Structures are given as structure tokens and as C-alpha cells.
Amino acid sequence: MPPGIKMPPGFKFKLPPNNQFPLDMRRGCGVNEESIRRARKPNNLPALITLTGELTPENFVLDVVDAVLLHVHPIPFKRPKKGEDYPLLTGTHQISAWCTRVALYTLTYRCPSHHFEGMIAKILPKLDMIMDWLLYLTYYPNPVDTSKLGGFQFNDPIKPCFSIVHMACNASLEIRKQMFSTPKIVDFTLRAWTLQNKGVPYVLLTGPNARCPVSTLFSFIMAGEGRFRVYDVLLCRTKEPDGKALRSLAIENLVKRADEARRMELRGGEVEQMYNERPALHSGMQPPKFVDPGIASAFLETVLSIAASFFMDENLSRLIMKSDFFQIFTEALETWVLSKSKRGPADRQARFLAFRTASRAQDMVEEYGAIDRRLSIAVHRKMLSSGLIPVMIEGMQTIRREDKETTLALSQMMDRTKRLVEGYPKVAPEVDNVLKRHRGARYRDHHFLSGTGWEASWIFLCRSVETGCGVEDGIWDTTACDNLGCPTRHVSPPTPIGKVCAGCHTMSYCGEECQKADWKAQHREECRQAREAYDKRKVSGNLHYTQTLRRRHLEFACRSAAYTYSISGTNHKSVLRIDLYERRSIPIDEYLKVHGLSEQVEGDPSELTWDQLQDRRIQRLVKYYAEHGEKENLALAEMQFRCGDHTVFTLVLIQNPFGNGEPWVETEFWLYQCITRILG
């Protein structure tokens with residue numbers, strides 16, 4: 001593992017059973033001075049095979065390491081250029097290749113703990129030479145005939161990756177730093193990650209607590225300083241001729257490994273039983289991987305950690321977002337959480353890990369909104385449609401509040417989903433369809449969560465989905481005219497927006513008359529500063545807040561406020577603040593104090609900033625509400641929306657069209673005045 005990174009609690013790296021590799025590894029007691037002497041002779045590959053095959057932890061001696069390393073010679077040729085043939089490996093070259101791939105694996109596997117430091121000390125001087133051979137052989141298209149070696153293929157990276165991981169996990173911190181300081185290990189690991197066998201990446205998961213050697217080693221590299229070397233190679237900043245091809249394969253294999261996890265079969269299940277009973281029917285086919293839920297969850301976590309390392313580079317993160325990785329990854333999580341694991345104690349830890357991994361994947365997609373908001377929303381929608389919501393529901397049904405870490409992950413999943421629905425109401429119909437598909441038409445009924453502590457959160461989420469669906473059904477029902485004295489706000493149906501200020505692009509009006517009236521009243525003083533703020537966001541690549549999205553937010557806030565007033569009634573001396581899971585009525589004086597608006601904003605408008613001018617707009621609106629709220633049956637509500645890495649502050653002044661004292665109806669209101677403000 002990388003320098004400075006400690007092994008996680010309970011981390012074990014188990015070697016697969018011997019029958020997973022065809023190479024003969026029979027254990028015996030034939031390790032003695034004579035067998036070591038024969039193995040030292042040049043071009044005596046059978047003696048080396050016999051010596052390593054007889055090696056056990058009980059008879060292990062460091063002289064065996066010397067005998068193997070004696071045959072590792074510098075690689076005599078460079079990798080041929082594209083279109084050229086590879087030289088045939090014979091004699092000493094064949095033995096060197098075998099020692100670096102097969103014998104090194106056997107040594108690390110059989111070495112007892114008290115000899116490990118000494119073995120590594122002997123290997124380190126030849127580590128560069130070994131890595132040269134390993135990297136060269138991963139490109140070797142047609143290995144020599146290895147039938148005498150049990151049919152082992154030299155370009156299979158699993159054994160070398162296991163050897164490096166095993167040495168790193170058992171070495172001291174100083175030796176570990178020395179191992180991972182060489183770029184040759186990074187280059188080999190990247191090549192091993194991008195290799196495919198018949199279109200499928202190399203994945204090996206067997207035994208309890210097993211981890212894929214290739215994925216584990218690459219995750220260690222990407223968690224340390226080696227990731228910068230990976231970025232340079234994949235982004236063609238080095239002389240590596242295959243940088244572009246490696247970049248494509250690296251992303252492709254990331255997706256395919258997530259797909260492999262989805263296609264894995266449960267150990268001991270019906271598929272494995274049928275496969276064992278009728279092996280002849282499956283001859284010639286790639287055998288399925290039978291794993292436990294814990295192995296599958298750990299593998300998915302490793303794959304996601306590699307994706308998270310790729311996300312540190314903007315170019316690589318965009319390639320991952322444009323691929324199907326997160327959709328397939330979510331489907332794999334849903335498969336193992338809902339279909340291939342049980343709610344009992346046996347699979348509890350595996351399921352907990354799956355819930356936390358799902359939350360981390362969703363967080364990566366949401367945070368990418370700071371770079372590309374539209375792409376982030378598109379990927380987030382795919383995740384919600386492909387299995388994220390069923391996983392979240394399963395977690396709420398099975399996780400109790402005592403498990404704080406997993407509870408926090410589920411709470412964050414709920415928060416992100418709710419923020420997405422509120423910030424982009426056009427997502428609400430899709431979420432509504434998913435909820436109906438998994439919970440039925442009456443999914444708003446929270447009785448299936450009784451006693452779990454998630455009832456209130458579920459009610460708020462369903463309420464947001466329902467409001468978002470209503471916004472999409474009647475998106476043009478709200479007139480967002482920024483003129484406080486607009487005469488058409490009481491017209492039914494409302495007058496559609498016809499004018500947007502050409503100077504600042506931030507204010508919208510129902511017509512030319514309202515635009516002129518607001519210009520004389522206040523906008524003349526603030527248009528220049530508003531335009532400067534607009535241009536600054538546009539040039540820096542930050543949020544481009546469109547009038548269409550603004551109107552969606554305004555109608556969502558109005559509907560949410562009207563629904564709350566229909567239940568609790570109206571208090572004309574307070575401002576309603578709508579948070580994710582809370583509705584609070586704040587007295588007007590306290591509300592102004594919270595926002596730092598107790599004192600009137602004074603000064604020459606040309607010297608005030610856009611934020612100060614918006615503060616003055618808010619003060620005027622709150623003052624108008626305090627004076628005319630009860631008389632005109634007005635209500636003032638604040639709601640904030642998440643857009644990319646920005647927060648949009650929305651303040652709406654709405655009027656009950658049924659008159660003073662009449663109950664509010666969610667879908668019946670007049671938007672009297674509104675203020676939207678983009679926060680950092």
C-alpha cells in the first residue's frame with residue numbers, strides 16, 4: 001500500500017486456492033542444498049520448477065530467493081514498435097520471464113513472516129529489473145509454449161500484482177516507501193489495470209475476505225503519490241506512446257469491473273449448484289464468479305475508490321461521467337443488496353458497506369455539479385432510475401439509528417435526493433415513477449417504516465416529489481414579475497413573462513410597462529452591478545442561472561409555502577423559512593437580524609455592491625410585507641435550492657386569492673413579489 005497509508009482494520013489479503021492456478025505447486029520436503037545447487041545452474045528451468053514446487057513455509061530458506069534471483073537478468077530488448085514482431089523468448093530469457101512472474105509469486109506466498117524482511121531486502125536491488133520484465137511481458141502477444149509450466153500465460157497480471165501487494169502489506173514503512181517510489185511499479189500497475197482477456201478485465205475473487213490483486217494494487221497506487229504518474233501517462237504528458245489507448249482502456253475497464261460485480265453469482269446459490277451439476281453444458285464458456293456478499297461489497301468499494309482517484313483530474317472525471325459507470329455501479333449495488341444478500345446477521349456488514357458505498361458514489365456525482373451541472377444532473381437521474389432509490393429504501397427498513405456511520409450515509413442519500421428534486425423539479429416525475437414501481441401508487445404511506453426513525457424524512461421526501469410533479473404540470477402558472485407594483489399579478493391565468501432586462505439578464509417582467517416602472521423605482525440603481533456579477537459568473541464558468549430554472553424554483557417555493565399555510569395557518573408577523581426537513585416561522589425583526597439587515601443599507605447606489613443592493617431589495621420587500629401583510633392577506637416565505645456548487649436564495653411574497661381569513665390551497669396563490677439571489 002502507498003507510503004503513509006495504514007492498512008484498514010480487519011484487512012486481509014488471502015491467496016486463492018492452488019487449484020485456481022494450473023501451475024503445479026505441490027508441497028513437500030525436497031528443499032535442500034542439492035536442490036538449491038541444481039537450481040543455480042544456468043538454463044535449468046526444470047530444477048527451478050521442482051525447487052519452488054517443493055517450497056513450504058516450514059522449509060523456506062533465503063538461499064532459495066538467491067537461487068531464483070540469480071536467473072533474473074536485464075531485459076536485452078525493448079518493446080517493439082507498432083506492427084513489429086516480438087522476439088521469441090528462449091533460454092535465459094525464458095527463465096528470467098518465468099522467475100519474475102511465477103517464482104516471485106511462489107516466494108511471497110510461501111515465505112513465513114520471520115523471513116519476509118530478509119526476502120524483501122534481497123528482492124529490492126533487482127526490483128527495477130523485475131518490473132522491466134513484468135511490464136514487457138504484459139505486452140507480449142503470443143507467449144512461448146508453456147505447456148511444461150502447466151499452461152501458465154506470462155501476460156496474466158494477477159500473480160505479479162499479488163506478489164507486490166503481499167510484499168507491500170508485510171513490509172516496513174521505510175521499505176514500502178522505497179517500493180512505491182519507482183515509476184516502474186506505477187507503469188506496470190496501470191498496464192495491469194488496462195489488460196483484458198477476451199474483452200474482460202482480469203478479476204479474481206476467491207476465498208473469504210478475498211480482494212482482487214489487480215484492483216487492490218491499483219487502488220494503493222491511486223491513493224498515494226503514484227496517481228500523479230498515472231495522470232501524466234493517461235493524459236499524454238509523458239513519452240509513453242500508448243497514452244491515449246491506455247486512457248480509453250482504463251475507463252472502459254473501470255466500467256467493466258463494475259459490470260463484473262453485477263454479474264457475479266452468489267456462492268452456494270442455485271446457479272452454482274446447476275453449474276456444478278452440469279459442467280458439460282458450460283464447456284468452452286467463461287466460468288461465472290461465485291462470491292460472498294462481503295467480497296462483492298469490498299470489490300465495489302475498491303472500484304469506487306479508484307474512480308474517486310480519477311475524479312481528482314477534471315479530464316478523467318468527465319470521461320467517467322460520460323460513461324455508464326455510475327449507472328452500472330448502482331445496478332450492481334442493487335443486485336447484491338436486494339437479491340443476493342439477506343437481512344440477517346450473516347450479511348449485515350456487507351450490506352452496511354454497500355449502503356455507505358452507494359452514498360459515496362452519489363456524493364461524487366453531486367459534487368461534479370460544480371464542474372458541469374447538466375452532466376451531473378443527467379448522471380444523478382440515471383442512478384435514481386437504475387437502483388439508488390430501492391437501495392435507499394432497503395437501508396431505511398433495515399438500518400437502525402444505533403449504527404451512526406451507516407445512518408449518516410443514508411441520511412446524506414436522502415438529503416441529496418431531496419435537494420435534486422427541489423433544485424430541478426423536472427426530475428420529480430422520474431422519481432415518482434420509480435417510487436410507484438417499487439412501493440406502489442400509495443408510496444407516500446410511511447407505515448412500512450414504522451419504528452425505524454425514518455418516517456418524518458420519508459414524508460418530507462414524498463412531499464417534495466409531489467410538489468415537483470405539480471411544478472412540472474403547471475410550470476407556466478406563476479408570473480415572476482420583479483415589479484413590486486405589477487398590475488397583472490391578479491389576472492387569471494397569469495400574464496406570461498415577456499421581458500427580461502437586456503442589461504443584466506437577472507430581472508424579468510410581464511411587459512414593457514412593468515419594466516419601465518421598476519426601472520424608475522429601483523432597478524436603475526442596480527442594473528450595472530447586476531450585470532457585473534452576471535458576467536463574472538459567466539466568465540469563471542460558474543452557475544448560469546436561467547430564467548426558466550428561476551421560475552421553477554419560484555413556483556416550487558410558492559407551492560411549498562401555500563401547502564404549509566394550508567396546514568398551520570398564516571402568521572402575518574413572521575416569515576416562513578422552508579428547510580429540507582423543517583418549517584419555521586421567524587418573527588420579522590429576528591429574520592432581519594439573522595440576515596444582517598436590521599440596519600438600513602445606505603449610500604450612493606453607484607458605490608454599493610450587487611449584494612448590498614439585493615439586501616436593500618429584501619429590506620423593502622420585508623417592510624412592505626410588515627405594513628400590508630395582514631390587510632392584503634399576504635405571506636412571506638424563504639426557501640433555498642442547491643444548484644451545482646451554489647445555493648440559490650429565494651424569497652417569495654404570495655397572496656391568498658380567496659380573501660383574508662380563508663384557508664390556503666396549495667395550487668391557488670398569486671405571486672406578489674419575488675427575490676432570487678445566488679449565494680457562494
Side-chain angles (χ1 to χ4, degrees), residues 478-490 494 497 501 504 506-510 514-515 517-527 529-530 533 545 547 550-551 553-562 564-565 570-578 584-603 605 608-641 647-657 669-679:
T478 301
T479 302
C481 182
D482 285 301
N483 178 25
L484 184 58
C486 176
T488 64
R489 65 180 77 259
H490 297 162
I497 294 300
C501 179
C504 64
T506 58
M507 299 296 172
S508 58
Y509 305 96
C510 60
C514 279
Q515 185 176 12
D518 189 56
W519 178 264
K520 294 178 181 179
Q522 54 189 349
H523 192 51
R524 182 199 301 268
E525 303 172 350
E526 59 191 18
C527 187
Q529 292 89 330
Y545 193 57
Q547 290 295 330
R550 183 193 183 205
R551 294 188 63 178
H553 288 167
L554 292 174
E555 183 158 351
F556 198 104
C558 292
R559 284 174 176 264
S560 300
T564 303
Y565 290 134
T570 310
N571 183 356
H572 301 292
K573 296 182 179 181
S574 62
V575 180
L576 176 65
R577 184 169 182 175
I578 304 174
R584 290 186 296 165
S585 292
I586 306 176
I588 293 177
D589 293 339
E590 182 181 345
Y591 180 81
L592 292 173
K593 185 177 180 180
V594 168
H595 288 278
L597 302 175
S598 300
E599 298 182 2
Q600 188 69 25
V601 178
E602 300 291 349
L608 297 178
T609 64
W610 173 232
D611 289 337
Q612 291 174 323
L613 292 170
Q614 285 185 307
D615 288 342
R616 190 157 65 177
R617 266 188 177 262
I618 294 174
Q619 288 177 334
R620 290 173 179 171
L621 182 60
V622 174
K623 181 180 179 181
Y624 183 90
Y625 169 65
E627 295 176 355
H628 304 88
E630 186 172 2
K631 179 181 179 181
E632 300 182 16
N633 196 23
L634 301 175
L636 188 63
E638 174 199 325
M639 190 172 184
Q640 297 184 6
F641 301 91
T647 299
V648 177
F649 168 92
T650 301
L651 189 64
V652 292
L653 183 64
I654 58 177
Q655 186 178 40
N656 189 347
F669 55 83
W670 283 326
L671 177 57
Y672 206 92
Q673 176 67 349
C674 59
I675 295 176
T676 53
R677 183 176 185 177
I678 299 176
L679 307 177

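All figures in this text were calculated on a predicted structure; none of them were measured in a lab. These numbers come from the heavy atoms of this one structure, side chains and all, not from hydrogens, waters or symmetry mates. Numbers here simply count residues along the sequence, with the first being 1.
From Lys623, atom NZ reaches atom NE2 of His628 across 10.0 Å, with rounding to the nearest 0.5 Å. Going from atom CD1 of Ile578 over to atom CZ of Phe641 covers 8.0 Å, rounded to the nearest 0.5 Å. Remark: Trp610 CH2 to Cys527 SG distance equals 8.5 Å, nearest 0.5 Å. Here the OG atom belonging to Ser585 is positioned 6.0 Å from the CG atom belonging to Asn571, to the nearest 0.5 angstrom. To the nearest 0.5 Å, the span separating NZ on Lys520 from CG on Asn483 amounts to 11.5 Å. Expressed to the nearest 0.5 Å, how far CD of Gln522 lies from CZ of Arg617 amounts to 3.5 Å.
Note on Arg616 versus Glu526: no salt bridge recorded, every NZ/NE/NH1/NH2 to OD/OE distance being 4.0 Å or above. In summary, Glu555 and Arg559 engage in a salt bridge, as defined by a charged side-chain N under 4.0 Å from a carboxylate O. Residues Arg620 and Asp518 are not paired through a salt bridge, judged by the lack of any N-O separation under 4.0 Å between the basic side chain and the carboxylate.
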Item to check | Verdict with reasoning, Thr506 to Asp482, per side-chain contact (heavy atoms from CB on, under 4.5 Å) | outcome: CA-CA 10 Å; Thr506 58; Asp482 285 301; over 6 Å; no

Next on the checklist: side-chain contact (heavy atoms from CB on, under 4.5 Å), that's the test. Do Ile586 and Ser574 meet it? Break it down for me.
Outcome noted: CA-CA 5 Å; Ile586 306 176; Ser574 62; 5.7 Å; no

Item to check | Step-by-step side-chain contact (heavy atoms from CB on, under 4.5 Å) determination, His595 to Phe649 | outcome: CA-CA 12 Å; His595 288 278; Phe649 168 92; 3.8 Å; yes

Item to check | side-chain contact (heavy atoms from CB on, under 4.5 Å) evaluation trace for Gln547 with Arg550 | outcome: CA-CA 5 Å; Gln547 290 295 330; Arg550 183 193 183 205; 3.5 Å; yes

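Of the candidates Leu634, Leu671, Asn633, Leu671 is the only one forming a side chain to side chain contact (heavy atoms under 4.5 Å, CB included) with Ile654. Of the residues Asp615, Leu651, Thr650, Val648, the one that meets the side chain to side chain contact (heavy atoms under 4.5 Å, CB included) test with Arg677 is Asp615.
The side-chain heavy atoms of Arg551 and Ser508, taken from C-beta on, include no pair separated by under 4.5 Å. The closest side-chain heavy-atom distance from Gln673 to Tyr624 is not below 4.5 Å. Contact check for Met507 versus Trp519: no side-chain heavy atoms found under the 4.5 Å cut-off.
Between Tyr625 and His572, the ring planes lie tilted relative to each other; the angle falls in the 30° to 60° range.
Side-chain atoms of Gln619 come within 3.5 Å of backbone atoms of Leu597 as a donor-acceptor pair (strictly under, hydrogens ignored). Side chain of Glu590 to main chain of Pro587: no donor-acceptor pair is present (N/O by atom type, distance under 3.5 Å, no hydrogens or angles). Using a distance-only test at 3.5 Å, with no hydrogens or angles considered, no donor-acceptor pair links the side chain of Gln640 to the main chain of Thr647. A donor-acceptor pair under 3.5 Å links the side-chain atoms of Gln529 to the main chain of Leu608, judged by distance alone.
In plain terms, the two heavy atoms of Met639 and Ala557 that are nearest each other are SD-CA, 3.8 Å. Nearest heavy-atom pair across Tyr565 and Leu576 is OH-CB, 3.3 Å. The two atoms that bring Ile588 and Ala626 nearest to each other are CD1-CB, 3.8 Å, heavy atoms only.
Sparse packing is recorded around CD of Glu599, with 12 or fewer heavy atoms of other residues, nucleotides or ligands lying under 6.0 Å away.
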